[in-house]
S.K.: 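For reference, the structure I am asking about is given below.
Note that ligands are numbered from 1 as they come in the structure, with each ligand's atoms numbered from 1 the same way.
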Amino acid sequence: MGIGKQALFFTMLLIALVEAAMSTTDSKDKVDKFVISPTKTIVRIYNKLGEGLNLTIHCKSKDDDLGVSTVAYNSYFYWKFRVNFLGTTLFFCGLSWRDASGVFDMYKAKRDMKRCPTRCNWEAQKDLVQGLRQGDNVHDMAFNWTYKT
Ligand SMILES: *[C@@H]1O[C@H](CO)[C@@H](O)[C@H](O)[C@H]1NC(C)=O
Ligand SMILES: *[C@@H]1O[C@H](CO)[C@@H](O)[C@H](O)[C@H]1NC(C)=O
């Protein structure tokens, strides 16, 4: 590591420590302990399954359990966080409806920091779960449901 990079590293570390010290007591805000991102990222999972179909969502990271939510058709579940200092932030969610389910990585810093820096939207549809890229809203990711036999 060159001297310039080292100085940058320690400056960023200092910012992270100051931010951590100033972080509020709102538990949904301090999802990670050491943070450098100037902006928060919001992830939304929309229920686009169809009229009368509920979607059950249970998201977690290594340190946080966001609990179980039931989301009605055309509504969404969301959470906000800052990408952690090491860029290792990962949230995975168990989604289920009727006899379909799946556990998917729904925010992964290495994958998503560029594709959706502040707004990451997902749509749970009957045939698959689709991810939308921020900016042009192109459906650039898809996960399949697993069905109970
Ligand atoms: C959907 O969820 C709501 C709220 O939890 C519940 O009242 C309703 O009965 C559910 N509908 C179905 C079809 O399961
Ligand atoms: C999802 O299912 C489709 C067709 O059923 C298949 O072509 C595709 O490869 C599957 N994707 C994954 C990630 O398994």
S.K.: How far is atom 8 (C) of ligand 2 from its nearest protein heavy atom, and which residue and atom name does that atom have?
M.R.: Asn144 ND2, 3.8 Å
S.K.: Check this for me - ligand 1, Asn54, N or O atoms closer than 3.5 angstrom, yes or no?
M.R.: yes
S.K.: Is there a path of hydrophobic side-chain contacts, each under 4.5 Å between heavy atoms of I, L, V, M, F, W or Y residues, that connects Phe104 with Leu66?
M.R.: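 Phe104 clusters together with Leu66.
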S.K.: Using a distance threshold of 4.0 Å (strictly less than), state whether atom 2 (O) of ligand 1 has a protein heavy-atom neighbour.
M.R.: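 Given the 4.0 Å cut-off, atom 2 (O) of ligand 1 counts as touching protein heavy atoms.
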S.K.: Write out the residue and atom name of the closest protein heavy atom to atom 5 (O) of ligand 1, then the distance separating them to 0.1 Å.
M.R.: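 Looking only at protein heavy atoms, the one closest to atom 5 (O) of ligand 1 is Thr70 CG2, 4.0 Å.
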S.K.: Report yes if the side chains of Asn54 and Trp97 come closer than 4.5 Å at any heavy-atom pair, otherwise no.
M.R.: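 No. Closest side-chain heavy atoms not under 4.5 Å.
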S.K.: Would you check if Leu55 and Ile57 make a side-chain contact, meaning some heavy-atom pair closer than 4.5 Å?
M.R.: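 Of all side-chain heavy-atom pairs linking Ile57 with Leu55, at least one is under 4.5 Å.
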S.K.: Does the protein place any heavy atom closer than 4.0 Å to atom 14 (O) of ligand 2?
M.R.: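 It does; a protein heavy atom is within 4.0 Å.
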S.K.: Does the protein place a non-hydrogen atom closer than 4.0 angstrom to atom 11 (N) of ligand 1?
M.R.: yes
S.K.: Would Phe91 and Phe81 count as a close aromatic pair, with their ring centres under 6.0 Å?
M.R.: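 When the ring centroids of Phe91 and Phe81 are compared, they turn out to be within the sub-6.0 Å range.
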S.K.: Can you name the nearest heavy-atom pair linking Ala100 to Tyr147, along with the distance?
M.R.: CB-CE2, 3.5 Å
S.K.: Work out whether the distance between some heavy atom of Gly52 and some atom of ligand 1 is less than 4.0 Å.
M.R.: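 It does; at least one heavy atom falls under 4.0 Å.
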S.K.: Verify whether the ring centers belonging to Trp122 and Phe143 lie closer than 6.0 Å.
M.R.: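 Under 6.0 Å, so yes.
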